[in-house]
Amino acid sequence: MPIDPTLLDDLEWRGLIAHSTDRDALREALDAGSVRFYVGFDPTAASLHMGHLVQVLTAKRLQQAGHTPFALVGGATGMIGDPRDSGERTLNSLDTVKEWTDRVRRQIEPFLSFEGPNAATMVNNYDWTASLSTIDFLRDVGKHFPVNRMLARDVVSRRLESGISYTEFSYVLLQSMDFLHLYRDFGVTLQFGGSDQWGNLTAGAELIRRAAGGKAHAFATPLLTKADGTKYGKTEGGALWLDADMLSPYAFYQFWLNVEDEKVGELLRVFTFLSRPEIEELEAQHTEKPFLRIGQRTLAEQVTTLVHGAEETERIKEASAALFGGGDLRGLSVQTLGAALREAGSVKVAAGTPLPSVVDLLVDTGLAKSKGEARRTIGEGGAYLNNDRIEDVDRVVAADDLIGGSWLVLRRGKKNFAGVEVG
RNA sequence: GGCAGGUUGCCCGAGCGGCCAAUGGGAGCGGACUGUAAAUCCGUCGGCUUUGCCUUCGAAGGUUCGAAUCCUUCACCUGCCA
């Protein structure tokens with residue numbers, strides 16, 4: 001597989017390199033041939049989210065440019081926990097970590113190619129860490145880590161006030177050991193990760209230098225933030241999960257569709273494989289006519305296709321068009337409407353009398369968290385049945401509210417839809 | 001080890017015996033305006049069988065007709081002195 005010499009320029013143009021070790025050395029290495037690189041994912045939840053997606057896609061970019069991926073799942077590091085500002089983590093059980101590790105592995109696999117001369121390899125750091133003896137660990141790895149420098153690391157120094165366990169304090173040693181292990185056994189010489197990983201990345205490169213006298217490279221992707229500087233990747237429900245069971249593909253699509261104007265270009269560069277001319281053209285159109293939201297539409301379509309596939313994305317686009325079309329819902333076919341509502345999220349309710357109240361349905365569909373909230377929403381004029389605002393808090397569904405004899409369209413606010421299938 | 005102070009709803013932070021589900025700000029949610037954007041303005045913001053009831057103010061006890069507010073013990077945190 002030929003090496004693409006424009007890779008590093010492309011990554012830089014996309015804004016994917018927030019920090020890096022010696023840039024000239026990195027370029028030289030990338031130009032010289034297929035570089036074996038690794039990126040790690042700790043199983044901190046049952047699914048990866050938006051932040052991880054940056055890394056997964058970056059790995060894919062590197063592979064497409066001819067380099068050789070080693071995707072690491074942190075079966076061992078997930079048992080320990082990377083220190084974070086919000087405080088000490090709760091340890092997860094071995095069973096939980098194992099299950100999450102498997103799920104994370106399965107989420108990563110579709111993005112990489114496991115065939116050809118630069119086929120990807122999946123590794124699990126549990127394999128070389130679990131059986132390591134404490135004595136060996138302290139002698140072979142620990143000896144290379146001056147505590148005074150560990151204490152000076154940003155995350156650690158911030159945590160000294162609030163407290164940090166020896167367990168989390170030691171995390172960097174494990175991750176560094178991973179890099180060293182992959183360097184020794186597979187000739188891996190490049191690691192990248194999120195910018196919050198920068199300290200861990202450089203620690204690994206340094207361990208390779210100290211323990212093996214080798215030369216390794218690292219770079220970090222930037223932390224993505226919203227236009228107001230706050231953290232990204234949050235929806236009403238929580239993180240922007242990639243798992244369809246934890247966040248519906250419809251909600252995933254809607255997230256990207258609703259991205260702020262000033263972020264569209266940045267996100268197109270980071271999260272799509274569109275070429276530079278394509279993205280620049282989109283940005284030009286977006287700047288000229290932002291209200292058409294061409295950037296957001298393209299972004300949502302591209303990213304949802306990458307994560308959930310083209311077929312699902314088509315269905316979501318049709319559903320979104322139906323629900324946001326502004327036309328009369330009764331003008332849609334029952335099939336179209338039903339399909340749209342199933343994408344948006346729907347519940348089934350047994351037919352019969354009496355039909356449920358709107359308050360109950362708002363709770364059942366998850367549009368409201370409690371009956372109090374449901375009542376409040378109606379009182380605020382934010383609840384709609386079949387696109388008609390509900391005025392009466394005690395409103396109960398009537399038989400002729402049913403569209404096509406079986407569907408109700410419930411809406412909270414401007415864009416939270418849910419379907420109710422009666423039957 | 002000694003002295004002083006703190007722990008309040010998602011977050012920050014008032015309250016210091018009844019009028020407290022608890023001031024104010026932020027986040028969130030809804031409305032208006034829009035482009036399913038941003039900004040702005042307005043409203044809302046524990047739960048329920050909702051003119052009332054239930055559960056909340058670090059934990060457990062106690063005083064009192066009545067406690068977030070007083071007392072005791074415990075846990076954790078912060079300053080000052082060793």
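Below, chains carry the letters A, B, ... as their sequence lines are ordered, and counting in each starts from 1.
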Name the pairing partner of B:rC41, where a pair is Watson-Crick or G-U wobble with both distances under 3.5 Å, or state none.
-> B:rG31
Are A:Arg269 and A:Glu12 close enough for a salt bridge, meaning some N to O gap below 4.0 Å?
-> no
Between A:Lys369 and B:rG28, does any side-chain N or O lie under 4.0 Å from OP1 or OP2?
-> no
For nucleotides B:rG43 and B:rG24, find the distance between their P atoms and express it as a whole number of Å.
-> 12 Å
So among A:Arg297, A:Gln254, A:Lys415, which one has a side chain to side chain donor-acceptor pair (under 3.5 Å) with A:Ser320?
-> A:Gln254
Does a side chain donor of either A:Asp42 or A:Tyr171 reach within less than 3.5 Å of an acceptor in the other side chain?
-> yes
B:rC48 to B:rU40 separation - P atoms, rounded to the nearest Å = 32 Å
Can you tell me if the side-chain N/O atoms of A:Thr377 get under 4.0 Å from OP1 or OP2 in B:rG30?
-> no
Using the P atoms only, state how far B:rC57 lies from B:rA21, rounded to an integer number of Å.
-> 14 Å
Pairwise C1' distance, B:rU55 and B:rU50 [rounded to whole Å] = 15 Å
Please give, in whole Å, the distance from B:rU36 C1' to A:Arg411 CZ?
-> 10 Å
Here the distance between atom P of B:rU34 and atom CD of A:Gln296, to the nearest Å, is 19 Å
Starting from P on B:rU36, measure out to CD1 on A:Ile294 and report it in whole angstrom.
-> 14 Å
Does any nucleotide pair with B:rU23 by Watson-Crick or G-U wobble geometry, both distances under 3.5 Å, and what is it?
-> none
Does OP1 or OP2 of B:rG47 have a side-chain N or O of A:Arg376 closer than 4.0 Å?
-> yes
Rounded to whole angstroms, how far apart are NE2 on A:His286 and P on B:rA38?
-> 12 Å
With a 3.5 angstrom cut-off on both distances, give the Watson-Crick or G-U wobble partner of B:rC76, or none if there isn't one.
-> B:rG6
Integer angstrom distance from the C1' of B:rC70 to that of B:rG18 = 14 Å
For A:Leu362 and B:rU44, what is the distance between atoms CG and C1' respectively, to the nearest whole Å?
-> 16 Å
Can we call the ring centroids of A:Trp241 and A:Phe252 under 6.0 Å apart?
-> no
Give the rounded distance in Å between these two atoms: CD of A:Glu260 and P of B:rG35.
-> 18 Å
B:rU50, B:rG35, B:rU36: which one has an atom nearest the side-chain heavy atoms of A:Arg375?
-> B:rU50
Span that lies between the C1' atom of B:rC16 and that of B:rA67, in whole angstrom | 10 Å
Please state the P separation for the pair B:rA22 and B:rU44 - nearest whole angstrom.
-> 13 Å
Please check the phosphate of B:rC48 (OP1 and OP2 only) for any side-chain N or O of A:Ser370 closer than 4.0 Å.
-> yes
Would you mind writing out the side-chain donor-acceptor pairs for residues 340-348 of chain A within the sub-3.5 Å range, not counting sequence neighbours?
{"residue": "A:Glu343", "atom": "OE2", "partner": "A:Arg315", "partner atom": "NE", "Å": "3.4"}

Roughly, in whole Å, what's the span from NZ in A:Lys415 to C1' in B:rG30?
-> 12 Å
Any luck finding a side-chain donor-acceptor pair between A:Arg153 and A:Asn200 under 3.5 Å?
-> yes
Do the side-chain N or O atoms of A:Asn258 get closer than 4.0 angstrom to the phosphate oxygens (OP1, OP2) of B:rG35?
-> no
A:Gln197-A:Gln191 side chain donor-acceptor pair, cut-off 3.5 Å | no
Distance, rounded to the nearest Å, where A:Glu391 contributes CD and B:rG30 contributes C1' | 14 Å
Between the side-chain atoms of A:Glu380 and the base atoms of B:rG31, is any donor-acceptor pair under 3.5 Å?
-> no
Given that A:Ala383 and A:Val363 both sit by RNA chain B, which one's nearest nucleotide is further toward the 5' end?
-> A:Ala383
Quick one: is A:Arg293 getting a side-chain N or O under 4.0 Å of the B:rA38 phosphate, OP1 or OP2?
-> no
Say you pick atom P in B:rC11 and the same atom in B:rC3; how far apart are they, in whole Å?
-> 33 Å
Quick one: is A:Arg389 getting a side-chain N or O under 4.0 Å of the B:rA32 phosphate, OP1 or OP2?
-> yes
Any side-chain N or O of A:Lys414 less than 4.0 Å from the OP1 or OP2 oxygen of B:rA37?
-> yes
Is A:Tyr384 near enough to B:rG31 that one of its side-chain N or O atoms lies under 4.0 angstrom from OP1 or OP2?
-> yes
Pick base, sugar-phosphate or nothing for A:Gly372, based on heavy-atom distances below 4.0 Å to the nucleic acid.
-> base
